[in-house]
Amino acid sequence: MNNPKILTIQDISCYGQCSITVALPILSAFGYETAILPSAILSTHTAGFKDFTVHDLSDEIPKIVNHWEKEKIRFDVLYSAYLGEVRHIDLVLEIKKTLLNGLFLVDPVMGDNGKLYPAFDQSYVEAMKRLVSQADIIIPNLTEACFLADVPYQEEYDEAYILVLLKRLKELGAKQVIITGVHYHKDTLGIASLLEDGYHYYEHKRISKSYHGTGDIYTSAFLGEYLKHQDIQKAIELAASFVVASIENTLGDETHNYGVKFEPLLSQYAGGK
Ligand code: PXL
C-alpha cells in the first residue's frame, strides 16, 4: 500500500507509555500519516496506577465523524485498541462502515495475566466479539484470546490448547489471528498465529520482567512492518524483536515501572518507509 492513511481509535492515557502515546510515534517513525480518534482521556493507564481519572469522549466522536464525512475524509487502515466502553465498540463498527476503505486491525485490549482490566466486564467481552468478527487481523494476548473464545485461561498448556483458541477466534469471523505471549517452553515466549496459509509459531527470547504497554508497542510495530513489507509473518517477527529490544532498554532502571523505553530505539528501528 502506497502512503496508507491510518486512523487509530483508542484511549489517550496522558501518562504511562501506552495506547495513542505509543501508536503515534511508532507509526510516524515508519512515515505513515496517522489520524487519531480518542475514545477517552485518562490520567494514566488503568493497570498500575490507583485513582486514575477518566473523561469519556463518546459524545464527541459522532460529531468528529460527521465532520470528516462532510470533508470526504477516508482511511486505508483502521486500527482499534483499548477503547473503554461498549458504546465505543459500536462507534468503531459504524466508523468502519463509513470511513474505511481497506484494512481493519483490531487489538482487543481487555486484560492480561488471566484477568480483565478494571474498566471491563463480560458485557464488554461480548461486544468485543462483535468487533473482532469484522476484523481482517486481530492481535489479542493470551488472556484476551481466552475471553473471546470462552476458554478458561491456563498458565500451563500445550499447542493443542492454542490451536483451539486460534480456531475459535477464526470462527468468530476474524480473517487472520495472531496471539501474543504464548510459550511452550519456560525460557522462551512467542507468537502463535492462524494466517491465510495456516498455523505458525514464532519463538523468541523470554525476559522475566513484564511491563505495561508492550502489547500496544507490538501491535503498532506490527502494523508499521506489515504496511512496509506486505508480509504478515515478517511483520510478526520484526515487531517481536522491537518489543524485546525495548524491554531490554528498560531493564535495570528500577524507577521505570509503568511502560517501556522504546523511544530511544525508534529512529534506528523504523527508518522511514
Ligand atoms: O496498554 C493497554 C492499555 C491502554 N489504555 C489503558 C490501559 C491499558 C492497559 O492497562 O489501562 C487505559
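Whatever order the structure lists them in is the order used to number ligands and atoms, beginning at 1. Computed from a predicted model, the values in this text were never measured in an experiment.
Partners of D51 under the salt bridge (charged side-chain N to carboxylate O under 4.0 Å, His left out) rule, at least two apart in sequence or in another chain, do not exist in this structure.
Ligand 1 is surrounded by D11, S13, C18, S19, L42, H45, T46, A47, Y82, V109, Y117, G213, D216, each with at least one heavy atom closer than 4.0 Å.
Of the residues Y157, Y202, Y201, the one that meets the ring pair (Phe, Tyr, Trp, His ring centres under 6.0 Å) test with H183 is Y157.
Counting heavy-atom neighbours within 6.0 Å of Q230 CD, excluding the residue itself, gives a total above 12. Residue E159 places its CD atom among more than 12 non-hydrogen atoms of other residues, nucleotides or ligands, all under 6.0 Å distant.
Sorted pairs that involve residues 126-148 and meet ring-ring contact (aromatic ring centres under 6.0 Å, His included), not counting sequence neighbours, are lacking altogether. Pairs engaging residues 97-119 under the ring-ring contact (aromatic ring centres under 6.0 Å, His included) rule: none recorded [sequence neighbours left out].
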